[in-house]
Protein chains: 2
Amino acid sequence: MSEALRTDLYQLTMMQAYWKSGHKPEATFDYFVRKIPAGSYLVTAGLSYVLDYIENLHFEDNDIEYLRTQGFNEEFLDFLGDFRFTGDILAMPEGSIAFPLEPIIRITAPIMEAQLVETYILNKMNFSTLIATKAARVVYAARGRGIAEFGLRRAQGDGHLEATRATYIGGCTSTSNVLAGKIFGIPVSGTMAHSFVTSFEHEIDAFRAYADTFPSKCFLLIDTYNSIEGAKKAVIVGKELEQTGEKLQGVRLDSGNLSELSKGVRRILDDAGLGYVKIVASGDLNEWKIDELMRKGAKIDLFGVGTELITGRPAPALDGIYKLSEVAEHGRHVPRMKLSEETVKATLPGKKRVWRIVEDGGFVKDVISLDSEVVDNAVPLLEPVVKNGKLICNRPSLVQIREIAARNLAKLPDEYRKLEGAPVYPVELSSGLTALRERLVKKIRLEEIGLKI
Amino acid sequence: MSEALRTDLYQLTMMQAYWKSGHKPEATFDYFVRKIPAGSYLVTAGLSYVLDYIENLHFEDNDIEYLRTQGFNEEFLDFLGDFRFTGDILAMPEGSIAFPLEPIIRITAPIMEAQLVETYILNKMNFSTLIATKAARVVYAARGRGIAEFGLRRAQGDGHLEATRATYIGGCTSTSNVLAGKIFGIPVSGTMAHSFVTSFEHEIDAFRAYADTFPSKCFLLIDTYNSIEGAKKAVIVGKELEQTGEKLQGVRLDSGNLSELSKGVRRILDDAGLGYVKIVASGDLNEWKIDELMRKGAKIDLFGVGTELITGRPAPALDGIYKLSEVAEHGRHVPRMKLSEETVKATLPGKKRVWRIVEDGGFVKDVISLDSEVVDNAVPLLEPVVKNGKLICNRPSLVQIREIAARNLAKLPDEYRKLEGAPVYPVELSSGLTALRERLVKKIRLEEIGLKI
């Protein structure tokens, strides 16, 4: 299916207006985030989708046919029939650490092309980056314990696949989502539901049936009726497994006071000589609850996290935006910015680069500069990925992207990873960019608003 | 693509355990919601997806191949190769009003079939119902003003299509999402972005170019630099349009104090004789902000709502669940329930029906009964939709579903639609169901927990 129509109608109406008015400069847009919903950093994700989209972007006949029913101009529709993306893109690699205001993707293309792709880029980048970042926070809270992603049933419909992919980039260890496992090669995990237990006459019948089917990878859900009583039955089944030379792998708690219950269950298991049996906990967990459980010394070896992880709850959207920073026509490059009543909604003008200063393997600060500036002893974060419409970058595998993210997260000083009260990571504007912004603000105030400031 | 693997791994491991143990009762499961994130009611949506899924459910060769790599039993994989859904489904039609604990879908099938479909049903129903309900609240707050859905750029990735569909079911009037327009026939709307304005040397150049391209459907975005100054320029272009026999359709505000600005802009337009020009407002709106704007007498004719609507923010997930209520084997029907440490997580046992008492065209109260009970003078809400695996219901169009929702919402007394402080709608349990639940709680306490209560 063509993705060309996965866009806002106004992109197409603007395109027709550009086309008809003959106003067709080359334009540079930045994808960046104004504000991070929780914490100080972002783990970028979604670029793989953007690159596939750019490479395949075209309008199919039935797309054109649909637009005809919406009253678009026939000659403009002819133009769309031959439409391809021909511009240049720089981007931070997937799995990068980014901060507010930093261009994560920079697109330079004829304005109609750069405009059309806005919505898709926002749709894909905002969501994957949101979830990869959330996952990194949850993984951080678990202090080395694994995080199994369990969210498919509460995922936002067809968004489930890219969400699961993003949780893996952010550091989760497995998913319950079999389709995501098949498509992306993510390890899958899962054992039994309450319905399995209640479908049998007695809880222990269910445990025995499961152990008999999966003697070497048996996890038992013990909270259907009462977690402590469930643990005692798990001990019986664990002992029965030992007699066949197998070992019960674990038990899962899914409700109640997980800290207290995990300690009680751990004691029951240990007292019975089943110290090797792991305890998995789930049930509306998030980074804050996991952190609290760890601080209380809960005896939990693995966390299953669903809803909060897969939707980013309580912040289900990242306010990433895509803003024009420069137009160029007849060799003249003119920086652009939005001013707005709300200062936070103003944008940074001009074609820009992002630099990171790294010392002793740790991130120290970033600088956003004009394209023409060079920041000494700093690593440029934007890499060329598309040139004249063609992909020119390596395409790392998902496992490699996950490793890139892990390496980057390891270089982010621990204070910035704190769940609450993390300081703002220093992102400076270069002298050139600062001067340009001041000059443009004055010009707009004078010419567009009539203020002489 | 087959959707069979859009499931949690544990559904498949449980299936293999059922299969191997020979424990294959017929099972009845209910899909219901424990708690509504905001407000007192739900607008159900997503059933169309569930019916398509049920009708087409099968495992493809590459699904089986993938499961083989995950260590499933060969004979079990053979069984999956021939797998089809053969059970019965009752459901509330899409666009119904539902309340907590009421079965929205009731599935009776061999337990392996009923188990497999759980995750897909939860994934699709939870999300569509969440968003249709959110949309109904936003539409209610707007008191008859239209709601244009603008959320694609902040939607949860590929979840965008079904989200947009759900906003339309909930009463939104249009979408910016062109692909959703093409696929579902939803009216599309949209005009221009800030980048269109900033791409021109001056704001008024952008306005003129747009008016020239769309003289009969021109909306101008006036807040790029300053909304009041933008409105004055819109007046100039509006006057120019009048001279060509056309009329400026509207202006859009996207930032700042929308109540104050809309009044100021209305005055500027009216003073210039452009009383016919509509004012559209957008910018992180939701039901509460729209309600406040309406109460403040904002001069807004149409609201554009994006992020909050498309993700359900601040509650991006509905905690709909799918619970076993009965198993039947050898002609013996045994009701089942989950007890749990947390009372709210207990479930209602037995095969059930839902009834609604309607007086003078308004909903009065609902009753959940056992399947064998009849509630007098009440409308049964669950309708047969699948029998022996075959669809047996009409498939209303999206427009019809939207009308069903509107008719139902009109019958819900206004007090239950209040954004805050709506009373709990009365949902009673029948005497038969109450008695069964009490009997089962005692039995479980005695047999599974060893308590003599």
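Below, read A as the first sequence line, B as the second, and so on, with proteins coming before strands; counting in each chain starts at 1.
Contact detail for G157(B) and F127(A): the closest heavy-atom pair is N-CD2, 3.4 Å.
By the 30° and 60° cut-offs, the orientation of the rings of F196(A) relative to Y18(B) is tilted.
Ion pairing between D319(A) and R154(B) fails under the 4.0 Å rule for side-chain N and carboxylate O. A salt bridge is absent between K338(A) and D254(B): the closest approach of a Lys/Arg side-chain nitrogen to an acidic carboxylate oxygen does not fall below 4.0 angstrom. Ion pair E201(B)/K443(A) flagged as a salt bridge, since at least one NZ, NE, NH1 or NH2 atom sits closer than 4.0 Å to an Asp/Glu carboxylate oxygen. Under a 4.0 Å N-O distance rule, the pair R336(A)/E203(B) does not qualify as a salt bridge.
H194(B) touches chain A through its side chain: at least one heavy atom from C-beta onward sits under 4.5 Å away, while N, CA, C and O do not. At a 4.5 Å heavy-atom cutoff, the contact between T198(A) and chain B is made by backbone and side-chain atoms alike. Neither the backbone nor the side chain of A27(B) comes within less than 4.5 Å of any heavy atom in chain A. Residue K232(B) does not touch chain A at all, counting heavy-atom pairs closer than 4.5 Å.
For the residue pair S189(A) and Y10(B), no side-chain donor N or O sits within less than 3.5 Å of a side-chain acceptor on the partner. A side-chain donor-acceptor contact under 3.5 Å links S195(A) and Q115(B).
The choice from M14(A), R313(A), Q16(A) that makes the most heavy-atom pairs within less than 4.5 Å of chain B is M14(A).
Atom CG of L152(A) and atom CG of L9(B) lie 11.5 Å apart (nearest 0.5 Å).
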*Would you please test E3(B) and L179(A) for side-chain contact (heavy atoms from CB on, under 4.5 Å) and show each step?*
CA-CA 8 Å; E3(B) 292 277 15; L179(A) 194 55; 4.3 Å; yes
